[in-house]
Amino acid sequence: MDILAVIKNLLSTPKHIVITVHARPDADALGAALGLAAFLRQQKHTVSVISPTPYPNFLSWLPGTDGVIVYDQARPGPVLRSIQQADIIFCVDFSLLQRLHALGEIVDKAQAIKVVIDHHLDKVNFTDLVLCSSHAAAAAELVYELIKALVDENTRLDKEIATCLYTGIMTDTSSFKNPNTTPQTHRITADLMEFGVDVPKIHRLMYDNNTLNRLQFISFAIAERLVVLPQYHTAYFAIRAADTQRFKLVMGDTEGLVNYTLSMRGIILGTLMSEKAEAIRLSLRSIGDFPVDVMARTHFGGGGHKNAAGGSSALSLEATVAKFEGCVSASKEALAKNYKVHGI
Ligand code: 5GP
Ligand code: MN
């Protein structure tokens, strides 16, 4: 049986369902999870959405966030209860159990049937039930296709579901400009617009919603913390914890900063290294065929997509920068080749 038929079968009677997302969920993880949750509730299932960590405040406008349970190791009761009762756990926008942090062990031990819905290149390491395609632009695209497979063709989606899914697709494609944007992506978002999605408003909420602090931080980071390695067509930011304190940054305020690297002529590999309490977080981006997921997986315990990946480092910021520069220098030929084909 194909996976859509298996899921359809599982959902043929009312179920207790948990939907989880990866740590520090982005708009695709949260949008796909909330869209799926709203749909499943309409279908008379009992649904909890659980995030392993808090999510950035700039996503709190997404319909349904008020019901999201954030896992708190000091008060695990609500999460443990939902997971114990669950018949099915959907894991949305990730394939590796470790992306759930401490929640991973709880999900792993749960009796529920686990279904992964994902579009990363990472290999699922905890269940055989996978609705995964690395060709999908976003997890929200896969949720859309799942919903379509579960309803008859005349069923209309409501505006909330459409808004959540549209936001996931819009952000994971960087507003339909990344190479993951396909004709099918546009067909899906065109269909979602039929259900009343307010596109200009979503755009403003996601991209024109800065605080003055954040704008001043970006200006500081570009002036003081951006390093360009022209011989490798690479640029990176190294942000200290003291920088984030100085500009009173909140979670999510560094999101998008890495993209400034690729906005520079001649650059096809860009990285943000950011000093957090627990570790150095890395965000990697590339243009063309240079696979940053491989670099993230091989050297920084992470993974992701060919052109957008993340990872972390337990070293100091200085040592992480040195390690990254070492990786870049070892990739000189691949970067030069890729620049020849895809650079401008
Ligand atoms: P970002 O740089 O925006 O945090 O993440 C870029 C992409 O890489 C996203 O698709 C994200 O899900 C993925 N990613 C980020 N951090 C990690 C990580 O630690 N492990 C894996 N496997 N993927 C990650
Ligand atoms: Mn995604």
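A quick note: this is a predicted structure, and the numbers were derived from the prediction, not measured. Just follow the structure's listing: the first ligand is 1, and inside any ligand the first atom is 1.
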Review point. Which residue and non-hydrogen atom of the protein lie closest to atom 6 (C) of ligand 1, and at what distance in Å?
Key: Arg285 NH1, 3.5 Å
**Study point:** Closest to atom 19 (O) of ligand 1 among His22, Lys123, Arg281, His305 (heavy-atom distance)
**Key:** Arg281
Practice item. Kindly say whether Ala334 contributes a backbone atom to a donor-acceptor pair with the side chain of Ser331 at under 3.5 angstrom? Key: no
Point to revise | atom 7 (C) of ligand 1: the protein heavy-atom neighbour that sits closest, reported with distance to 0.1 Å | key: Ala308 O, 3.5 Å
Point to revise | Nearest non-hydrogen protein atom, atom 23 (N) of ligand 1 | key: Gly303 O, 3.1 Å
Exercise for review: Please write down residue, atom name and distance for the protein heavy atom closest to atom 18 (C) of ligand 1.
Suggested key: Gly310 O, 3.5 Å
Review point. Which ligand 1 atoms does Leu96 reach within 4.0 Å, using its non-hydrogen atoms?
Key: 22 (N)
Practice item. Report the member of Gln98, Arg99, His119 with the shortest heavy-atom distance to atom 14 (N) of ligand 1. Key: Arg99
Point to revise | Nearest non-hydrogen protein atom, atom 10 (O) of ligand 1 | key: His120 NE2, 2.7 Å
Review point. With a cut-off of 2.8 Å, does any N, O or S atom of His119 fall short of it relative to the Mn ion (ligand 2)?
Key: yes
Practice item. Please confirm if an N, O or S atom belonging to Asp172, backbone or side chain, lies less than 2.8 Å from the Mn ion (ligand 2). Key: yes
Review point. Looking at Phe220, is Arg246 sitting on its ring face, NZ or CZ under 6.0 Å from the six-membered ring centre and within 45 degrees of the normal?
Key: yes
Exercise for review: Taking the side chain as every heavy atom from C-beta outward, state whether Val130 and Asp118 have any pair of such atoms under 4.5 Å apart.
Suggested key: no
Practice item. Give a yes or no on whether Asp26 keeps an N, O or S atom under 2.8 Å from the Mn ion (ligand 2). Key: no
Check your understanding: Quick check: does any side chain N or O of Asn125 sit under 3.5 Å from a backbone N or O of Leu97, one acting as donor and the other as acceptor?
Key -> yes
**Study point:** Distance-only polar pair, side chains of Glu325 and Tyr232, donor-acceptor under 3.5 Å
**Key:** no
Check your understanding: Which residue supplies the protein heavy atom nearest to atom 4 (O) of ligand 1, what is that atom called, and how far is it?
Key -> Ser283 OG, 3.7 Å
Point to revise | Within-cut-off N or O pair, Asp93 and ligand 1, under 3.5 Å | key: no
Check your understanding: If hydrogens are left out, which of Thr271, Asp122, Val258, Asn259 has an atom nearest to atom 22 (N) of ligand 1, that is, the closest non-hydrogen atom?
Key -> Asp122
